[in-house]
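Let me begin by presenting the structure, written as structure tokens, before commenting on it.
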Amino acid sequence: MKKLFVTAATMLAFAVPALADGDVEAGKKAFNLCKACHSVVTPAGEALVKGGKVGPNLYDVIGRQVASMADYTLYGEGILAVGATGMVWTDDELEVYMTDPNIWIKGKTGNPDAKSKMTGKTAKNQEDIVAYLLSLVR
């Protein structure tokens with residue numbers, strides 16, 4: 001019986017997705033800057049965060065292929081090149097991207113002239129913003 005309990009507990013631990021290490025409440029506050037360009041809308045159309053449409057919808061972005069929102073047509077060439085590799089957003093990659101999108105794209109494409117259309121840079125709270133985004137879908 002003990003072995004069954006341990007096995008079940010272990011399976012449950014792996015089945016529940018972990019949230020990022022950041023502070024969700026701090027991320028919610030920090031996301032106020034992001035929502036000038038980004039919204040968070042469920043597939044059913046429920047706006048969890050009403051925001052701009054200049055940037056893609058960030059609902060369930062972690063685990064999604066880079067530059068893969070079918071109904072979003074404003075991606076730049078740099079991010080499309082990264083997306084074409086099949087790369088998937090992880091919490092760590094999104095945090096680095098937010099810090100300086102141009103540096104991230106140059107590094108991922110190997111092209112020193114590659115640019116991001118995202119003009120905002122996030123100097124702090126990246127981990128908190130990722131935790132907040134994850135909290136909206138978990």
Separation of [Y] [atom2] from [X] [atom1] (nearest 0.5 Å):
X: Tyr75; Y: Thr73; atom1: OH; atom2: OG1; result: 10.0 Å
X: Ile62; Y: Leu94; atom1: CD1; atom2: CG; result: 4.5 Å
X: Cys37; Y: Leu74; atom1: SG; atom2: CG; result: 10.5 Å
X: Lys28; Y: Leu136; atom1: NZ; atom2: CG; result: 8.5 Å
X: Lys29; Y: Ile129; atom1: NZ; atom2: CD1; result: 12.5 Å

Are [X] and [Y] in one and the same hydrophobic cluster, where Ile, Leu, Val, Met, Phe, Trp and Tyr link if side-chain heavy atoms are under 4.5 Å apart?
X: Val54; Y: Val40; result: no
X: Ile103; Y: Leu80; result: no
X: Met87; Y: Ile105; result: yes
X: Leu134; Y: Val24; result: yes

May I have all residue pairs that pass side-chain hydrogen bond (donor to acceptor under 3.5 Å, both in side chains) and include part of residues 107-120, sequence neighbours excluded?
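Every pair satisfying side-chain hydrogen bond (donor to acceptor under 3.5 Å, both in side chains) with a residue in residues 107-120: Glu93-Lys108, Tyr97-Ser116.
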Pairs meeting criterion side-chain hydrogen bond (donor to acceptor under 3.5 Å, both in side chains) with involvement of residues 45-69, two or more places apart
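Output for this query is empty, none listed.
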Val130 and Met98, any side-chain heavy atoms less than 4.5 Å apart:
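SC-SC contact between Met98 and Val130 confirmed.
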Are Val49 and Leu58 close enough that some pair of their side-chain heavy atoms sits under 4.5 Å apart?
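No. Closest side-chain heavy atoms not under 4.5 Å.
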List the residues meeting side chain to side chain donor-acceptor pair (under 3.5 Å) with Asn32, not counting sequence neighbours, and say none if there are none.
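By the side chain to side chain donor-acceptor pair (under 3.5 Å) rule, Asn32 matches Lys35.
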For Thr99, which residues count as a side chain to side chain donor-acceptor pair (under 3.5 Å) partner, sequence neighbours excluded?
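Only Gln126 meet the side chain to side chain donor-acceptor pair (under 3.5 Å) criterion with Thr99.
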Go through the structure and list residues passing salt bridge (Lys or Arg N to Asp or Glu O under 4.0 Å) with Lys121, not counting sequence neighbours.
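Residues passing salt bridge (Lys or Arg N to Asp or Glu O under 4.0 Å) with Lys121: Asp100.
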Minimum heavy-atom separation for Gly51 and Ser39, please, with both atom names.
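Where Gly51 meets Ser39 most closely, the heavy atoms are N-CB, 3.6 Å.
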Closest contact, heavy atoms only, Gly83 versus Ala67:
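Scanning both residues completely, I find the closest heavy atoms to be CA-CB, 4.5 Å.
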Pairwise ring-ring contact (aromatic ring centres under 6.0 Å, His included) hits with a residue in residues 25-47, at least two apart:
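Of all non-adjacent pairs touching residues 25-47, those that pass ring-ring contact (aromatic ring centres under 6.0 Å, His included) are Phe31-Tyr132.
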Short side-chain to backbone donor-acceptor contact, Asp23 and Asp128, under 3.5 Å:
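Here the side-chain-to-backbone pair does not exist.
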